[in-house]
Amino acid sequence: MDMKNEKETRSESKKGNGAEYQNAFLPVIHHSQLFAGISEQETADMLTCLDARSISYQKGDYILRAGDSTDSLGLLLLGHALIIQEDFWGNRNIISSIGQGQSFAETFACAPGAVLNVSVAAESPCTVLFLNVRRILMTCPVTCGHHSRMIRNLLSDLAVKNLRFNEKLTHLGQRTTRAKLLSYLSAEAQKHESFEFDIPFSRQQLADYLFVERSGLSSELCKMRDDGLLEFHKNHFILKQPL
């Protein structure tokens, strides 16, 4: 996707200037995985080099659409977004959730000419910082240490996302709705290092993520609660050992 056409394709979107994102979002950028180990001053210095541009979206906007191509990765500065796949009839499969400080579209941006087979949709008002991947991968003549660190961070981020995708395949490979829920909730507990945690999905979104019907998912959650396996309220879960 040609980023200069973002405003044309999203009438509600607004493009921010450098002062806006540096002043308002520099702490978010600095603490993101992509900029891990890079000082705040080095982060600020790198943004111009990386052709950084911020764009705001309203809830329901598409940040990127399947069929687009992009030469930039996105870093979510504000809001919540979903990576989704949709078929011709509008049926939706949620691939993953994106929160503040997380990046997306790195794989497609690293493969010149690659066409997205997923879309990125804003689930709330969002602000996204786009960074030119070519400028990340092509180091400056002096090969500054923080630039090399960013390349390592990018590779690490791609590896983590590959592991998460494999994790989702494990969930989907389970044969029943209960087995899928047990697999997913066990992984979330391990990720949070606690038996009590919040998940990033609503009921419908969780059903889309696990590729099951919402009614069946809700019914199975109630049965699991009655069996003493868990307690839940909205997206808050407590896992328990059955008596």
Side-chain angles (χ1 to χ4, degrees), residues 32-34 62-68 70 73-76 79-111 114-124 126 128 153-221 224 229-230 232 234-239:
S32 67
Q33 174 59 35
L34 193 60
Y62 281 90
I63 299 171
L64 293 171
R65 282 184 181 272
D68 291 341
T70 181
L73 64 82
L75 180 64
L76 191 61
H80 176 226
L82 295 174
I83 299 177
I84 60 176
Q85 282 184 324
E86 295 175 300
D87 63 21
F88 180 81
W89 296 273
N91 298 309
R92 185 169 75 163
N93 176 26
I94 294 178
I95 306 300
S96 63
S97 172
I98 309 168
Q100 187 180 53
Q102 295 182 323
S103 56
F104 58 90
E106 308 97 315
T107 301
F108 299 101
C110 287
V115 175
L116 278 75
N117 63 348
V118 297
S119 298
V120 183
E123 281 294 297
S124 67
C126 291
V128 178
N153 290 344
L154 177 60
L155 289 173
S156 176
D157 190 49
L158 288 169
V160 168
K161 288 182 177 177
N162 184 54
L163 291 173
R164 287 177 182 168
F165 182 71
N166 287 335
E167 183 180 89
K168 181 178 180 180
L169 291 179
T170 298
H171 306 330
L172 296 183
Q174 306 304 312
R175 296 192 176 189
T176 66
T177 298
R178 175 172 289 208
K180 290 180 179 181
L181 282 166
L182 289 172
S183 177
Y184 171 72
L185 294 173
S186 294
E188 287 297 300
Q190 186 176 37
K191 188 182 304 179
H192 288 85
E193 298 183 344
S194 173
F195 294 121
E196 184 171 355
F197 51 85
D198 293 333
I199 65 172
F201 300 127
S202 66
R203 285 290 179 276
Q204 183 60 60
Q205 290 169 351
L206 181 58
D208 291 341
Y209 179 79
L210 294 177
F211 215 62
V212 298
E213 292 293 333
R214 176 178 175 174
S215 58
L217 180 139
S218 296
S219 175
E220 194 59 51
L221 281 174
M224 291 169 68
L229 294 173
L230 51 78
F232 62 87
K234 295 184 177 179
N235 68 333
H236 185 76
F237 285 81
I238 303 173
L239 303 190

Quick check: are there more than 12 heavy atoms from other residues, nucleotides or ligands sitting under 6.0 Å from CD of Gln190?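 No, not enclosed.
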
Is it the case that over 12 heavy atoms from other parts of the model lie below 6.0 angstrom from the CD atom of Glu213? no

Leu229 and Arg178: side-chain contact (heavy atoms from CB on, under 4.5 Å), yes or no, with the steps? CA-CA 11 Å; Leu229 294 173; Arg178 175 172 289 208; 3.8 Å; yes

Rounded to the nearest 0.5 Å, what separation is found between the [atom1] atom of [X] and the [atom2] atom of [Y]?
X      : Y      : atom1 : atom2 : result
Arg164 : Leu169 : CZ    : CG    : 14.5 Å
Leu185 : Leu230 : CG    : CG    : 6.5 Å
Glu196 : His192 : CD    : NE2   : 11.0 Å
Leu182 : Thr177 : CG    : OG1   : 11.0 Å
Asp208 : Leu217 : CG    : CG    : 10.0 Å
Ile199 : Lys191 : CD1   : NZ    : 10.5 Å

Residue pair [X] / [Y]: nearest heavy atoms and the distance that separates them:
X      : Y      : value
His171 : Leu210 : CB-CD2, 4.1 Å
Leu181 : Met224 : CD1-SD, 3.9 Å
Ala105 : Thr70  : CB-CG2, 4.4 Å
Ile84  : Ala121 : CD1-CB, 4.2 Å
Ser183 : Thr170 : OG-CG2, 4.1 Å
Val115 : Phe108 : O-CE2, 3.8 Å

Where the side chain of Ser103 meets the backbone of Leu75, is there a donor-acceptor pair that is under 3.5 Å apart?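 Checking the backbone N and O of Leu75 against the side chain of Ser103, no donor-acceptor pair under 3.5 Å is found.
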
If only atom types and distance count, is the side chain of Ser219 paired as donor or acceptor with the main-chain N or O of Ser215 below 3.5 Å?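 Here the side-chain-to-backbone pair does not exist.
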
What pairs of donor and acceptor atoms, side-chain ones from residues 89-102 against any protein atom, are under 3.5 angstrom apart with sequence neighbours left out?
| from | atom 1 | to | atom 2 | distance (Å) |
| --- | --- | --- | --- | --- |
| Asn91 | ND2 | Asp87 | OD2 | 2.9 |
| Asn93 | OD1 | Lys168 | NZ | 3.3 |
| Ser97 | OG | His80 | NE2 | 2.7 |
| Gln100 | NE2 | Leu77 | O | 2.8 |
| Gln102 | OE1 | Gly99 | N | 2.6 |

Would you say that [X] contacts [Y] through its side chain, given a criterion of any heavy-atom pair below 4.5 Å between the two side chains?
X      : Y      : result
Leu73  : Leu34  : yes
Gln205 : Glu123 : yes
Leu221 : Arg203 : yes

In terms of the angle between their ring planes, are Phe237 and Phe197 parallel, tilted or perpendicular, with boundaries placed at 30° and 60°? parallel

Is it true that Glu106 and Lys161 make a salt bridge, defined as a side-chain N closer than 4.0 Å to a carboxylate O?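 A salt bridge is present here (some side-chain N lies under 4.0 Å from a carboxylate O).
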
